[in-house]
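To keep things clear, I will list the structure first and then write my remarks on it.
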Amino acid sequence: MRAGTPDWPCLPARTAALAAAPSAVPRRSPSPRSQSGGAWQRREPCGAMEEVCARFVSQKISKARWRPLPVAALQPPDVFATGSWDNEDNRISIWSVGDVGSAGLNGEYQGEPQLLCDIRHNGDVMDMQFLDQERIVVASSTGSVTVFRHHQNSQTLSASHRWENAHCHADQYTACGGAACTGVICNNPEIVTVGEDGRINLFRADQKDAVRTIDNADSSTLHAVTFLRTTEVLTVNSIGQLKVWDFRQQRNEPAQIFSLTGERVPLHCVDRHPNQQHIVATGGQDGMLSIWDIRQGTMPVSLLNAHEAEMWEVHFHPSNPDHLFTCSEDGSLWHWDTSTDVSEKPSFLHQGGRSTAYFSHSTINQSVVSAWLSNDPTKDRMEITNLIPNQTLSVNTLDVLGPCLVYGTDAEAIYVNRQLFA
Amino acid sequence: MEELDTEPPVTVVPGADPARTQLCFEWGPAEMLLCETLFGPRGGERPRGPSCVFVVRRDQDIYMETLRKLFNESHGIFVGLQRCEEERAVRARNAQLIQVSKNYRSVIRACMEDMHQAAISARDSALHSQYSIQVSILSAMELIWNLCEILFVEAAPAGPLLLRLLDWVQLHICDVDNMVREVLSSENPSKHKLFWNVVGNTQTLTEMELKWQHWHEECQRYLQDGTFASSSHMESICKILLGDENAILEKKELMTTWYHFLVTRLLYSHPTVKPMELRFYAQSSMDMFLGEESSPEPLDTILMAAFEFELHQVIKECSVALSNWWFVAHLTDLLDHCKLLQSHNLYFGSNMREFLLLEYASGLFSHHSLWQLGVDYFDHCPEYGRVYLELHIERIPLNTEQKALKVLRICEQRQMHEQVRSICKIMAMKALRNNRLGSALSWSIRAKDAAFATLISDRFLKDYCERGRFSDLDLIDNLGPSMLLSDRLTFLGKYREFHRLYGEKRFSEAARLLLMLMTAHIAPCSFWMTLLTDALPLLEQKEVRMLHRGMHADLTAHPLHKRLQTFQSHLEVFSNCNDSKTI
């Protein structure tokens, strides 16, 4: 091919946003839900009112997490971390999303995430959580757990601490085969990890050895862990069980075991309601969303037929817990909205004003009985929206904080929506 | 078999020395394995030392990070194109396809931009040149695609055709001399404006041609009258406006390429050129521009083929010139959607579109990460896609459970039952070896593999016999409906239930359950002794003796009755000896 000396004149505006129009609302019903229109959409430039900014990053994203905001912060989150998987060279990256109104230095597209720094990671990133403003704990498929520190002055990342064999199989023939660490949860300074070896570890950020290890806590793979209270954690496994573990108890047995009714479908993710701690949501391999009440019974309170494939993550919105988000292998990301009167939302939400939009607990939150626990949450009260118009490959991860949503896919792209409730 | 047009290129494998040892090779899905054998060059033994194995990969491009964006974004466009419903109206369909084409091009340009940035910021000179080469390749790709869009997808008719070609040239040729343009445009502004207005509005082609003829004749008159005789510059400008080729050629250094010359020429001599006439002008333009010295380069041949409307030739030349199947696969697919490719089959069965897509997707599968994109491409190859997918998907290494789950989901969605069973078995065996019985069972349930479930249950029962107690009670106590997957599993679950009932001192229920287990034929033979031993303490229990008559009646019907009779007589002896009440 002849080599030219190109000098690019004005390029057509690079289209990178998807119009996040709320498409056909799939109402939950016993019969199979209707998919949102699969019509192929034109890409529209950033700057539209309901905007999702996309960026292709040349690595499959397994985890994305917003950096937590300082306690009294008013502005929305602007920095998030991602982890990749299935690469020979996996990376942890820190990204920044600027203000919507400003243009980048090189004429970059407004709102597109910019890479601040990244660092090589050994093994797939299986789970990731911010320990505090500067440190991230990462779970690896090699079985190690690493704490990375983000140096904001120099914009670099460094590995600050590593527990090398946090998870491993006691193989019959070899000393120790690596087992993937599948879940990590933090409550500074405590870090709890779970893995394919069925082990639960409790670490402290500054201590070299584990504070507590529960070997063979489960005969199957533990897929996810989350804190129930400061000394109790919830785990889900691949035989459809939700277990409560109390670290104050010395015996290595779960305090409580909950099971799915019917088929013991593996559970992949778990999250607890931010305010009402007895409400727990889990996602299963068949895409089913289950809501549990920890105080009573051993079975889920409601089962909602959601996705068509594995549900990878479920998150209650931390400040607006009437909103739940789930993402799945089938390529969709659903927003579940049980706020009572959808039509009577306070007007400031519609203006997209950032400061007060999401702090009004009194008007948005339920009073006594949560909508999640009612027998049929979908009856008149729940609105479910698929936020992805053209779904292709799996949405592996999502995170919500304030008005911002970030999600990552197997199509090697990150998407950021900074006007979630607009 | 077609004749080869060119000599096959020679690839030197650094480190492989046929003068030292004889080499052997084997083809893989997308790469070649080259090994040093034990033999020397003349058949004798080779010099000592370790043998080397070389992996020769043909497609380097998929490993370039910047190009990955191209593959991912275009995958989204490809899938969208296959899925979008065909518009009924021809015009709407045409608009749809043009939009798809523009999207592909926008993706190429975005990639070009990224590559350009990477080239600028590269500190290593080798890396810089590598990126620069890629930029020029992408630029050529976009040039070709754009031309194909104008000629084939949009099929611009005479009139708009020239406009599109002008845009095409302007977009790609950056050495436009502003000064020349200014002079040209300021000379006869009114006439120029008129010309553009005319082309822009809804007049018919013949009307436009008439008007243009008028203008052309006016220009000619000026030239012949010697209006511009005083200035040679003005005269040459006028000649250019008249489409005098020699005059235009004089300004050759201002036009970097023959297609720039072609379009300029057409602008001033035949603005209403018809698509089918392009080939003549193109050929003559290239001959005039290149002259005697230079021969056409691959890009020139491809563009010429496009001007000649030889679609298959375009695709063939691109396949040869480019190192990666990406371009031809996507372009051919788009042209196929425009219903422009004849459905003649290639001699190995599939049509050209499918062949190219299969090649491209196979290349993706050799990449450790991009294999997921390949799946969708195989899905849209109706003849061989499924077979290719079945063969490729079995070769994906399953490092973690999560990756195995994703591969499994792909297989399940396509009813590839063999592959589902095979993957679940691999994962279950792995789990079993690591003593993760719960995981192993979970994989067996997913595959509905009764044989494996039996294997796992036997493992549990063996553990029980050895240790006297059950391991992993959380699993066995919570089997639920999956208990029914295999008889052995059912037995395991029920046996554990028996133990639980016994522990809770619900002896009559326990006895009933034990009886059911004995009569139901689901206990393995090796376990019969254990069952009978378990029956012993029960027989001493008060409530059980009430049931005895019932038990006895049921058992007489069982083939093992004789054994039990012996057992019973032993017990009688035992009880008599101990002076307990008669059974």
Side-chain angles (χ1 to χ4, degrees), chain A residues 1-4 6-9 11-12 14-15 38-43 56-60 86-88 124 126 141 169-172 177 179-180 182 196-198 218-221 237-241 254 257 259-264 266 285 309-310 329 390 392-394 410-413, chain B residues 65-66 68-69 72-73 75-76 79-81 83-85 99 103 106 109-110 112-113 116 132-133 135-137 139-140 171 174 256 297-299 321 368-369 372-373 376 399-403 405-406 409 413 433-439 441-442 445-446 471-472 474-475 478-482:
Chain A
M1 290 279 165
R2 187 184 299 146
D7 182 61
W8 313 119
L11 293 167
R14 194 272 181 91
T15 53
W40 179 78
Q41 273 208 3
R42 292 161 63 144
R43 301 153 92 200
F56 282 83
V57 295
S58 302
Q59 46 184 331
K60 294 201 284 209
D86 213 20
N87 255 348
E88 280 168 355
D124 292 346
M126 304 292 296
S141 62
H169 290 300
D171 201 21
Q172 282 178 304
T182 51
E196 278 179 13
D197 55 354
D218 204 307
S219 62
S220 64
T221 300
N237 67 12
S238 58
I239 43 175
Q241 293 175 320
I257 302 181
S259 280
L260 283 176
T261 51
E263 282 285 331
R264 301 294 192 256
Q285 204 170 83
E310 286 84 349
E329 178 71 22
N390 322 308
T392 48
L393 294 179
S394 165
D410 269 346
E412 306 194 353
Chain B
E65 215 179 90
T66 6
R68 271 171 81 156
K69 296 186 208 186
N72 276 287
E73 290 203 65
H75 164 263
V79 171
L81 174 61
R83 284 184 194 165
C84 77
E85 281 165 25
Q99 188 55 49
N103 277 324
S106 124
R109 292 199 85 95
M112 224 162 33
E113 192 194 320
H116 188 54
S132 304
I133 291 171
V135 171
S136 58
I137 292 175
S139 151
L171 203 54
C174 24
T256 44
E297 292 192 7
L299 177 59
H368 54 262
S369 194
Q372 271 185 289
L373 301 180
D376 282 313
N399 311 324
T400 58
E401 283 197 3
Q402 191 150 16
K403 186 163 178 185
L405 284 172
K406 286 183 183 262
R409 182 61 64 182
Q413 281 171 344
R433 231 182 292 133
N434 288 322
N435 223 18
R436 313 293 318 145
L437 294 175
S439 294
L441 188 62
S442 148
I445 292 171
R446 179 88 182 252
S471 60
D472 307 316
D474 61 337
L475 171 65
N478 285 291
L479 286 172
S482 53

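Protein chains get the first letters and strands the later ones, always in sequence-line order, with residue 1 at the start of each.
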Under 4.5 Å heavy-atom distance to chain B, tell me which part of Gln241(A) shows up: side chain, backbone, both or neither.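 Side chain only.
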
Select one option (side chain, backbone, both, neither) describing which atoms of Ser394(A) are under 4.5 Å from chain B's heavy atoms.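 Interface part for Ser394(A): side chain.
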
Under 4.5 Å heavy-atom distance to chain A, tell me which part of [X] shows up: side chain, backbone, both or neither.
X         : result
Leu479(B) : backbone
His368(B) : both
Leu475(B) : both

Is the closest basic N to carboxylate O distance between Asp124(A) and Lys403(B) below 4.0 Å?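 No salt bridge links Asp124(A) with Lys403(B).
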
Any [X] side-chain heavy atom under 4.5 Å of [Y] side chain:
X         : Y         : result
Arg436(B) : Thr221(A) : no
Glu412(A) : Lys69(B)  : no
Asp376(B) : Leu393(A) : yes

[atom2] on [Y] to [atom1] on [X], rounded to 0.5 Å:
X         : Y         : atom1 : atom2 : value
Ser369(B) : Asp86(A)  : OG    : CG    : 4.5 Å
Leu405(B) : Ser238(A) : CG    : OG    : 9.0 Å
Lys60(A)  : Asn72(B)  : NZ    : CG    : 9.0 Å

Chain B interface, residue from Ile239(A), Asn87(A), Leu260(A) that has the most non-hydrogen pairs under 4.5 Å: Asn87(A)

If you look at every heavy atom in [X] and [Y], which pair is closest and at what distance?
X         : Y         : value
Glu263(A) : Ile445(B) : OE1-CG2, 4.1 Å
Ser259(A) : Asn478(B) : OG-OD1, 3.3 Å
Gln285(A) : Arg446(B) : OE1-NH1, 2.8 Å
Thr400(B) : Ala180(A) : CG2-CB, 4.4 Å

Using atom types as modelled and distance alone, determine if a side-chain donor or acceptor of Thr392(A) lies under 3.5 Å from a backbone N or O of Gly76(B).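 No; zero donor-acceptor contacts below 3.5 Å.
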
Using the side chain to side chain donor-acceptor pair (under 3.5 Å) rule, pick out the option among Gln413(B), Arg409(B), Lys406(B) that qualifies with Glu329(A).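 For Glu329(A), the side chain to side chain donor-acceptor pair (under 3.5 Å) test succeeds with only one of Gln413(B), Arg409(B), Lys406(B), which is Lys406(B).
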
What residue, out of Gly480(B), Ser482(B), Ser439(B), has the most heavy-atom pairs lying under 4.5 Å from chain A?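 Going by pairs under 4.5 Å, I would pick Ser439(B).
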
